[in-house]
Amino acid sequence: MSETEFEAVIGLETHVQLNTKSKMFSWSGAGYQKASPNTLVDPVSMALPGTLPVVNKRAVESAIAIGLALNCEIAEVTKFDRKQYTYPDLMKGYQISQYDEPICIDGWIDLPTETPHRVGINRVHMEEDVARLIHIDSPTGGVMHSLLDINRAGVPLMEIVTEPDMRTPDQVEAYITTLQSIIRYLGVGTANMEEGSFRCDANISVRPAGSTELGEKVEVKNMNRVRAVREAVEHEIERQIAAIKRGERIVQETRGWMDGEKYTVTQRSKEDAHDYRYFPEPDIPPLHIGRNWVADIQSQMPELPLAKKQRFIGSWGLSDYDASLLVDSLSSAEYFEAVMKTVGGESESDQASFAKETANWLNGEMARLMHENDVPSIQETRVEPTALAVLVRKFQKREINNNSAKRVFGEMFDNGADPEEVIERLGLASVGDADELAPIIDEVLASNPSAVEDYRSGKTNAIRFLMGQVMKATRGRADAQSVMRLLGEAMDG
Ligand code: ADP
Ligand code: MG
C-alpha cells in the first residue's frame, strides 16, 4: 500500500500539578519548587506505617473547576484506588490514584485552530505526585549514587486524558496551549512544562486516510517543552509511516523522546507493560460530591479564554488573531481591558480603531520588549495602562509619528515615563500639518532640482530621496504619510 495516504491519530495524557497550599493527602506544604530538599515532609508523605491520608478539599475543588472548564460531567460519587509499582521515588510502594470512578468524565475542549477542532476529554482524575530522585554520576561513568527529595511526594496531580481525537501536530500544540491557559485562568496551577508542573505524554498511531479503525498506538514520553511534544509527535508519525511502508508492523510500546538527538527510543514493549493491580484505596471512603457544591464552584468560575476572546471580538471588533494573542495570558487580557476603560463617548468605529491600535501595541512593541527583557508578565512592566492609552491616542492622531512613538514607548517601558513628558522633553511632537511642512518642503525641492527632475521624468522612486531630506530637516518628526502626499502634490501640480 505504498501509495496510500496516511492519517495520524493522537491522544494526550497530561499531568497537571495543582498549586494548593498543602499536599493531596497530608498537611505539609505543596510548594516544593522553591523549598530546600526534604523540608516539606510529614509522616504521610514519608509513607510511615500507621499513617492515614486525608483528602485535600481544595484539590478536589480545583479538580471540579477543571472538569467544569472542560465541559465534563462531575461524578456524584468518586473513589480513590491504589496503583502498585515499585520504584524508589514511590515510598509507599503504591500511588493513590483513581481508576474506574474518576472525578470528571466525558468533556471536550475546543481548539482555536484555523479550522476549529473539538477534542473529547475522556476523564480527569486525581492522584498524588511522587518523590524526586537525583542521580549523581560517577566520574568513571555510570551512576555513583542517588539522592531522594521527598518534597514533591504527595503534591496534588490531576491527569487529563483526551479521546484519540487529534490528527495533526498543530492540533496537539493548540490543545496544550489552550489547556495551559485554562489552568492558569482558573488559578489552580502554573501549567509550566519546563518546571514540571505540566507534563504531557502523547499516544500516536497512523492509519490509511479514510479508515475508521484505530491503528496500534505508541506512547511517547519525556518531553519537557511544548516544542518538544510537537517535534516528538511529528517524528513519531514519520517513523510509523516509514515503518509501515517498509512492510513492518507497528507494535504497541512506550518510547522516550531524546530531545537533544530528536528521535524516540524504545523504553518498554507491551510484553513488559505494568500490571498495576489496582484496587480501591481502603483508607479513603468514596467521596460524594453534592450538586450544591458543584453549583457553588460553577458560580465562582472566572471567564475563560474562549469566552473572553469572543467578548473582545464582539465588543471591540478585534480580529480573531489579535484577540487570541491578548487572551493567551490572563494578565495581558486584563491589561487590555484596563486600557479600554479609558474609552467613553467616542463613536463605535473610533472605539474599534483604538482597540485595534491598542492590540497592535500590546502584541507588538510590548510583547517584543517583554521578551527581550525577560519580563514574564505584563503586570510587572512599568507601563501604566492609562499611559499607554495616551500614547496610542497621540499616535492615532499622528501627533507623533511611528518612530517617535516607539521611542516614547521605549522610555515608558524602561522607566515608567509619562508619554507627554517624553514627547515634550525630546521635542518629538510631529511636524504634521501642511502649514508647518510647506516651507520645509519648498526648501528641499529648491535645493534638490535633479531629484525633482528625475521624479517628473517618471523615475518616481526619487520621491524617497526627497522624503529622506524632509525627514532630516524635521529631525525625523514629520509624519511620513503627510510628507509623501505633500511632496507629490508639490511636484505633480
Ligand atoms: P491504555 O489502556 O493503553 O492506557 P487508553 O485507551 O486508556 O489506553 O488511552 C490512553 C490514551 O491513548 C488516550 O489519550 C487515548 O485517547 C489514546 N489512544 C488510545 N488509542 C489510541 C490509538 N490507537 N491511537 C492514538 N491514540 C490512542
Ligand atoms: Mg488507560
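Quantities reported herein were computed from a predicted structural model and do not represent experimental measurements. Residue numbers start at 1 and run along the sequence shown. Each ligand, and each atom within it, is numbered from 1 in the order the structure gives.
Ring centers of F80 and F25: under 6.0 Å apart, within the cut-off.
Among the atoms of V161, none of the N or O lies under 3.5 angstrom from an N or O of ligand 1. At least one N or O atom of P164, backbone or side chain, sits closer than 3.5 Å to an N or O atom of ligand 1. Between E13 and ligand 1, a contact under 3.5 Å exists for no N or O pair. Considering backbone and side-chain atoms together, N203 places an N or O closer than 3.5 Å to an N or O of ligand 1.
The pair K23-D129 fails the salt-bridge criterion, with no side-chain N (NZ, NE, NH1 or NH2) lying under 4.0 Å from an Asp/Glu carboxylate O. Under the 4.0 Å criterion applied to side-chain N and carboxylate O atoms, K262 and E231 are assigned as salt-bridge partners.
Contacts classified as side-chain hydrogen bond (donor to acceptor under 3.5 Å, both in side chains) and involving residues 371-383 (residues at least two apart or in different chains) are given here: R368-E372. Judged as a side-chain hydrogen bond (donor to acceptor under 3.5 Å, both in side chains), the pairs with a partner in residues 326-339 (not counting sequence neighbours) are, in order, R311-E337, S329-S331, S329-S332.
Contact atoms of ligand 1 toward T162: 13 (C), 14 (O), 15 (C), 16 (O) (distance under 4.0 Å to a heavy atom of the residue). Taking every non-hydrogen atom of V9 and a distance limit under 4.0 Å, the qualifying atoms of ligand 1 come out as 24 (N), 25 (C). Within ligand 1, the atoms closer than 4.0 Å to a non-hydrogen atom of E163 are 16 (O), numbered from 1 in the order shown. Counting atoms of ligand 1 from 1 in the listed order, those under 4.0 Å from a heavy atom of G215 are 23 (N).
Side-chain contact of S26 with D42: a donor-acceptor pair under 3.5 Å is present, judged by distance alone. Residues S197 and E195 bring a donor and an acceptor atom of their side chains to less than 3.5 Å of each other.
Heavy atoms of L12 found under 4.0 angstrom from ligand 1 belong exclusively to the backbone.
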